[in-house]
Amino acid sequence: MKQLSTKVTSNAHGQDSSYFLGWEEYEKNPYDEIKNPNGIIQMGLAENQLCFDLIETWLAKNPDAAGLKKDGQSIFKELALFQDYHGLPEFKKALAEFMEEIRGNRVTFDPRKIVLAAGSTSANETLMFCLAEPGEAFLLPTPYYPGFDRDLKWRTGAEIVPIHCSSSNGFQITESALQQAYQQAQKLDLNVKGILVTNPSNPLGTMLTRRELNLLVDFITSKNIHLISDEIYSGTVFGFEQFVSVMDVLKDKKLENTEVSKRVHVVYSLSKDLGLPGFRVGAIYSNDEMVVSAATKMSSFGLVSSQTQYLLSALLSDKKFTGTYLNENKKRLKIRQRQLVSGLEAAGVTCLKSNAGLFCWVDMRHLLDTNTFEAELELWKKIVYEVKLNISPGSSCHCTEPGWFRVCFANMSEETLDLAMKRLKEYVESTDSNRLISKSSHERIKSLRKRTVSNWVFRVSWTDRVPDER
Amino acid sequence: MKQLSTKVTSNGHGQDSSYFLGWEEYEKNPYDEIKNPNGMIQMGLAENQLCFDLIESWLAKNPDAASLKRKGQSIFKELALFQDYHGMPEFKKAMAEFMEEIRGNRVTFDPKKIVLAAGSTSANENLMFCLAEPGDAFLLPTPYYPGFDRDLKWRTVAEIVPIHCSSSNGFQITESARQQAYQQAHKLGLKVKGVLVTNPSNPLGTALTRRELTLLVDFITSKNIHLISDEIYSGTMFGFEQFISVMDVLKDKKLENTEVSKRVHVVYSLSKDLGLPGFRVGAIYSNDDMIVSAATKMSSFGLVSSQTQYLLSALLSDKKFTSQYLEENQKRLKSRQKRLVSGLESAGITCLRSNAGLFCWVDMRHLLDTNTFEAELDLWKKIVYNVKLNISPGSSCHCTEPGWFRVCFANMSEDTLDLALKRLKTFVESTDCGRMISRSSHERLKSLRKKTVSNWVFRVSWSDRVPDER
């Protein structure tokens, strides 16, 4: 008899993908400025390490929060016993207000509609358990975060059907792509329960436009399905534009307190904006009472440590801190992104114009031998093993076009980023096919800056790639 | 189309059971010595509040552990970023050693075989996902922890088939009961994947005997199935006997490193022994590499906060603290249990002789109007609403005999416990049948102390209950 479940014996955890293999290589030979200057530089990890000093300063000024004290008195016992799956009220209140602040206080979040979870990994899976039966599907625009294959499908038995987005319009979601995905699901005999988007997008680093959000809300209204908006990167928006949440759109379309609003759910986490992935703090926000109720019970399987809830409720309740932090975080991310973008440009490499996130979506199609995923994997291996940079290949994000890579910029020092860019430049200049392109790339890029994204088509025609025949 | 999953719309979460309803009543009218002296005393919550002073002293002497410092230096950044699902090595090492210490250092635990989880709630569910397909069954001796209905079955869609234990032998697991359960599962068309026991038992408060453990190991060997031993109460053993773990039995039967040993898994948590349910610290221990590997990946859905791992690795690495704690914990639990037992006796009530746990398994069969679960529920309601004590009725623990209740003793002060017992005595003496029994009970009890547990049969014949006709 089969000893272990198929969840164990299959590889649905998705961890055989290159996304994770790159990490393993890094672990074997990690860069260290002093101890291992020729090691692999980790550019595949979307961490925000830019603002720890702000939090450390706050901790030093507010020792009670970590010290399990309130007004100098120990509240250890109270916290040790607190396992209420409704969560610490002060913490949910502070979290709700923080989410409002990120959205310019244009929308309100009711703390009672927040369900805490051990990270958004747990939040997303719990939401899937609440909304989908095994075999039912959610539509996701590609490229998407590789972890979703595990988080949304593994133990839930749910399916993902991709909404194919292309570089021809900067990977924006179009109506036809949506319809196509929906029909594809039906062809596969899958019941579509909803759509899940990450906004701002991982790996694109772009915010969904108001047009896309309206399209999505209209689509779920007409199909009577759900919309999950994973807004984990909402506090990393550094562009001139404001972050537009799906909650903004519901408000603007006067859909608050309607049936549709009950089918729109937001997922959040403090892992990216605050750089605290180790503390395991995630949340589901839903207007549907049944979902809140069920998800709350399910959160028993991944509650947030009361010790952590207490520390963070103190931190986030300090509005002076949160105001300063969000501002400074934006500034530093913007500078760091610029550093990456210009470093790439100097190597003749462009990226999708981004305004959020901890990474750029980098176009290395011109460096491929052929316009195929095999070539992309070849290129990726060279970058990992020869250039010694761990970056994430687009295929691991289910991108339909070979040659795109996600490159992180907020998880290392400025100097390390410079070094990484230097290594990349050397590599690009050293490869044959690129000796030709590099010089003309530089000129092209100057004029590109003023063009719209649809001119990616223009760039594609420049290179002498063999068309993808598969 | 059905909007939400059946997991949401059914009541598979099990929270409509009286176990949880009693809690709700308590929340409405909680006892407070000063503010609400007539309120409900919570005796349905298996918390260990007896040794917080020891931990608080330790925290006061070791401020770095909670303050996210190491040797006075902030390690905040390191902890904030630590999300490795393999867990903090120092913490797993300290956990393994603590588990060894609890077992008198007779067996060893390899930290590499430990998988951390957000509480044993998460650990048990994970293990179920690893071992059972939807529809597969695990056999559980009754009475068992009501939470298992949710933890083991809800999202996993596994089944539980009870191994009926009876008061005739102190609720010990017999070979025939086990065989009967196995056959029952077959009759129901269910594939049995394993047996899950809680040792020491919740709600019985007794440790499994060596004989029972040996029988269990033989059983799973012959049937080629798994054995999960939830040893969450292993550190609450206060009797003269030592705690015997299933790991002891494997060692004594020279089954270490055999195929059988790969099918024996231990679950642990710091929620009961250390009284830290709010910190969400659980663990799976398995000799099967594939399970360790899969459960490790699954732990992504319920990682332990790095802030908490760090605090507890410091606490548990202090061997002076751990040995003092374990000894003192034992002493205080013992004296508190004695207090409950004698208080009950003076009300003419006996309990199953216990040597572990945070509760007693109390025999109130003689207070039932009829030998039925309806009568048990009536009695329970009286105790909750009239006597104002929240205790857990045996039916919520799937006990096959009406009239047994789990009564906790470690989650309140001595004075509160005394008050609870006084109220109970008053209630018993005020009810008609209680008045008759109470005096003769007192005499009977003196002679009972020397009898074996099989004399429960003797007691049953004493009362003039109507036989259960259902």
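Proteins get letters first, then strands, A, B, ... in listed order; numbering begins at 1 in each.
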Examine whether an atom of B/Leu274 lies under 4.5 Å from a heavy atom of chain A, and if so say whether it belongs to the side chain, the backbone or both; otherwise answer neither.
neither
With a 4.5 angstrom heavy-atom cut-off, which part of A/Phe279 approaches chain B: side chain, backbone, both or neither?
both
For chain A, which candidate among B/Arg155, B/Glu56, B/Met128, B/Lys262 shows the most heavy-atom pairs at distances under 4.5 Å?
B/Arg155
Look up atom CZ in B/Arg280 and atom CD in A/Gln307, then write down how far apart they are to the nearest 0.5 Å.
13.5 Å
Heavy-atom closest contact (B/Ala132 atom, A/Ser5 atom, distance):
O-CB, 3.8 Å
To check you understand the geometry: which heavy-atom pair defines the closest contact between B/Thr6 and A/Glu133, and what is its length?
N-OE2, 2.6 Å
I'd like to check A/Leu4 versus B/His226 (side-chain heavy atoms, cut-off strictly below 4.5 Å). Are they in contact?
yes
Pair count under 4.5 Å, heavy atoms only, with chain B: among A/Asn124, A/Leu276, A/Val291, highest is A/Leu276
Let me know if A/Pro277 has heavy atoms under 4.5 Å from chain B in its side chain, its backbone, both or neither.
both
Please look at A/Leu68 and chain B and tell me whether the side chain, the backbone, both or neither of the residue comes under 4.5 angstrom of a heavy atom of that chain.
side chain
Quick check on B/Phe129 against chain A: is it the side chain, the backbone, both or neither that has a heavy atom closer than 4.5 Å?
both
For A/Leu59, is it the side chain, the backbone, both, or neither that has a heavy atom closer than 4.5 Å to a heavy atom of chain B?
side chain
Out of B/Ala60, B/Cys130, B/Ala294, B/Gly302, return the one with the most heavy atom pairs under 4.5 angstrom to chain A.
B/Cys130
Contacts satisfying salt bridge (Lys or Arg N to Asp or Glu O under 4.0 Å) that involve residues 45-58 of chain A (not counting sequence neighbours) are A/Asp53-A/Arg332
Distance, nearest 0.5 Å, that separates CD1 of A/Ile55 from NZ of B/Lys77
12.0 Å
So for A/Asp151, is it side chain, backbone, both, or neither that comes closer than 4.5 Å to the heavy atoms of chain B?
both
Ranking A/Leu45, A/Leu303, A/Leu81 by heavy-atom pairs under 4.5 Å to chain B gives rank one to A/Leu81
Engaged part of A/Met298 at the chain B interface, taking heavy atoms whose separation is under 4.5 Å:
both
Measuring only between side-chain heavy atoms, which start at C-beta, is B/Gln3 closer than 4.5 Å to A/Glu259?
no
Please classify the contact of A/Gln49 with chain B as side chain, backbone, both or neither, using a heavy-atom distance under 4.5 Å.
side chain
Please report the shortest heavy-atom distance between B/Arg150 and A/Phe301, naming the atom on each side.
O-CZ, 4.0 Å
Applying side-chain contact (heavy atoms from CB on, under 4.5 Å), run through A/Arg155 and B/Asn126 and close with a yes or a no.
CA-CA 10 Å; A/Arg155 306 192 308 178; B/Asn126 257 14; 2.8 Å; yes
Can you classify the ring geometry of B/Phe52 versus A/Phe76 as parallel (below 30°), tilted (30 to 60°) or perpendicular (above 60°)?
perpendicular
For each of A/Ala80, A/Ser271, A/Ser293, A/Ala118, tally heavy-atom pairs with chain B at distances under 4.5 Å, and name the one with the top tally.
A/Ala80
Kindly check if the number of other-residue, nucleotide or ligand heavy atoms within 6.0 Å of CD (A/Gln186) is above 12?
yes
How close do A/Lys7 and B/Pro134 get, counting heavy atoms only, and between which atoms?
NZ-CD, 4.5 Å
Grab the two heavy atoms, one from A/Ala66 and one from B/Leu68, that are nearest each other, plus how far apart they are.
CB-CD1, 4.2 Å
Between the side chains of A/Thr308 and B/Ser305, does any donor sit under 3.5 Å from an acceptor?
yes
Among the listed options A/Ser306, A/Gly119, A/Ala294, the residue most often paired with chain B at heavy-atom distances under 4.5 Å
A/Ser306
